[in-house]
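Comments concern the structure below.
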Protein chains: 2
Amino acid sequence: MGTRRPTLADVAGAAGVSVSTASLAFSGAGPITPATRQKVLDAAAALSYVGPNPLGRQLRSGRSGIVGVVVGDALARAFRDPVSVQFLDGLVSTLGPLGLGVLLIPASEGEGAPAVDPLLESAAMDVAVLLSGSLLEEPPRRTLERRGVPLVVLEGEPPARGTIVSVTDRQGYAEMTADVVALGHRRVAVVTLPMRGDRREGPVDAEREASATWPVTRRRLAGVRDAGVEPVAVWEAPASLVEHGRTAGHALLDRPDRPTAVLAQSDLLASGVLLAARELGLRVPEDVSVAGIDGIDLPWLAPDVLRSVVQPLADKGRAVGEAAARILDGEDPEPVVLPTTQRLGTTTGRAPG
Amino acid sequence: MGTRRPTLADVAGAAGVSVSTASLAFSGAGPITPATRQKVLDAAAALSYVGPNPLGRQLRSGRSGIVGVVVGDALARAFRDPVSVQFLDGLVSTLGPLGLGVLLIPASEGEGAPAVDPLLESAAMDVAVLLSGSLLEEPPRRTLERRGVPLVVLEGEPPARGTIVSVTDRQGYAEMTADVVALGHRRVAVVTLPMRGDRREGPVDAEREASATWPVTRRRLAGVRDAGVEPVAVWEAPASLVEHGRTAGHALLDRPDRPTAVLAQSDLLASGVLLAARELGLRVPEDVSVAGIDGIDLPWLAPDVLRSVVQPLADKGRAVGEAAARILDGEDPEPVVLPTTQRLGTTTGRAPG
DNA sequence: ATGAAAGCGCTAACAC
DNA sequence: GTGTTAGCGCTTTCAT
């Protein structure tokens, strides 16, 4: 039993052909007589050889066929957001049929990140994908760039090698805000994603906002101002999760001078705001309008349908997958920008009064 | 710039040492003078050598350091379930620090599965993990077993090479059912996970139940009978999703002879049932009791807290990760069985009338 | 403590 | 159409 696994050389020997011929029999590339091919396959079966060892193939070809996806340290948090999940679904289903695998890389974020992450440092990968809003100076990104791994960056700064994929969320957000203004709303509050890596929860003052580094947060906030709106309040959520939206909703709405519209920078945050409004006995949209962005499916909000700026999440995954595949083929793909659309929903309406 | 990347040999040459010495400088294994080591490191820096190529290392060591996780074709569906996500979080965070990566493998399930899945067929991996309820005859599993990849199987049949990790869900479910009986319930309905690969939605008759192959579904159903309960109705959901639970809830509860308790085989299904009950104007638990299993956090059900059989999901991920790591070390780990606990919640109470 | 040499398993020129 | 040969980049005995 302790016999080592058969190699292509063993098969070739048993079939009475050379290794290269045996290789051709498996790869299908190159000329080979059906008869010879069959002879090799039979020998393989006899030896219970299960096909070329991927490790040998990889070394030889210089490619691992692996696309690394850097997810934050809290994978559970990332994946509780349908946004990441739908994106990943698009990515995996584009890459899979191409024979390319997705490797999950949990990179420790935050200030007190440990020195070296072995996976980031030395896992084999041909391309890496950085999820929303990656900055040049982030440690994981620096590690990868130093290694010379080409990057596909979502919604962030363009990499030295690789490309970026983004959506027109600023414009979409501006459009949505303009619609809300047209409905008569003047007191508009905004619930944002984190301003930067330190992920605070609470009201945002000018100083805090000026210190913002996360591109997505900044862009969507800019979208609000593009529509000529200066928010009466800006609240920072530490993550895109329903409970943080709920906290924000209570803070913003449980007061006499409450805003008539709350715009959240994600659908999960908006859902939390909506729940808070319900809990406070406010009618939506009669007493307060609520809107989000992402366009995820939220059946449990029924009968409400959240107003949202819809981004094509699965397409984004596909676009990233295609970009990664092209980089693997030695190409240098152009940046991709995907459009957003508006979902009107039922949660915005005329301003009260 | 078309110069190829430097190799360890280049670095050794520049440092004036042999390749093997250079190798030691990086691996740290083996005796080497600090001075020599530094010389090598300096040479590496000068050449902007970023460390040993993982592909070479992998071929040499015969290990890829990759743990494949086979997720169904619909990754989005799998990951919409917090159960998978929490599990994966536990897995990734156990494996990551060990330098082991998790490769997502989307295996086409269903009857009309395509001939060959390139990833399953030939991706490099040292161990594969099969999510809940894997059966020997499933094509992805057969492919992996044929390749000789050791398996860590969750809640399924033990593999030829590898081990299994499971929870005491049958016992937990039986306990929960017994509690419900003790509360006076006699008309108990069950909402199940899929009976088998064809994933039907609707009432389950004896024939359908007899044809069930999915271990998890069978075990939890057995748990109900262990408590001496013969369900007045069994409804099959095609996936563990809130909307399917809702459908089930409406079908089971919108009738005069409705059950007084509905036991679902997942928390997501139970949540759907709860929503349906609310929509039908039924009070929970005064008019109907609802319970699930998994123990996931469901803040949006507030103020209700779902009664549930809690399984230690992150522990499960960790246990699988540890098993995988041990298999990689050439060990042959024993099966692991993890305990369940009861979350009483607020959704079960005395039977009405 | 360092070096020489072998070889992990495979593919792709190139020659026949 | 098939065989020969030369590595891909690394680690690891085994000498020295």
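Proteins get letters first, then strands, A, B, ... in listed order; numbering begins at 1 in each.
Here Ser23(B) pairs with Leu8(B) under the side-chain contact (heavy atoms from CB on, under 4.5 Å) rule; sequence neighbours left out. Remark: Arg141(A) engages Ser134(A), Glu145(A) in a side-chain hydrogen bond (donor to acceptor under 3.5 Å, both in side chains) (not counting sequence neighbours). By the side-chain contact (heavy atoms from CB on, under 4.5 Å) test, Val336(B) is found to be paired with Val165(B), Ala319(B), Leu338(B), residues two or more places apart in sequence or in another chain being considered. With sequence neighbours excluded, no residue forms a salt bridge (Lys or Arg N to Asp or Glu O under 4.0 Å) with Arg60(B). Here Glu322(A) pairs with nothing under the salt bridge (Lys or Arg N to Asp or Glu O under 4.0 Å) rule; sequence neighbours left out. Residues passing the side-chain hydrogen bond (donor to acceptor under 3.5 Å, both in side chains) test with Arg63(A): none are found, sequence neighbours excluded.
In 5' to 3' order, the nucleotides of DNA chain C bounding all contacts with chain A (an atom under 4.0 Å from a heavy atom) are dG9(C) to dA12(C).
Residues Gly156(B) and Pro215(B) approach most closely at CA-CG, 4.4 Å, considering heavy atoms.
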Quiz prompt | Contact letters for nucleotides 6-16 of chain D, in which S counts primed atoms plus P, OP1 and OP2 and B counts the base, heavy atoms under 4.0 Å | solution = BBBBBBB----

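Within the structure, salt bridge (Lys or Arg N to Asp or Glu O under 4.0 Å) pairs that include any residue of residues 31-44 of chain B do not occur (at least two apart or interchain). Residue pairs meeting the ring pair (Phe, Tyr, Trp, His ring centres under 6.0 Å) criterion with at least one partner in residues 15-41 of chain B, sequence neighbours excluded, are Phe26(B)-Tyr49(B). The salt bridge (Lys or Arg N to Asp or Glu O under 4.0 Å) pairs that include a residue from residues 8-17 of chain B are Arg4(B)-Asp10(B), where partners are two or more places apart or lie in different chains.
Axis deviation across the helix from dA1(C)-dT16(D) to dC16(C)-dG1(D) amounts to 30°, comparing end segments of five pairs, rounded to 10 degrees.
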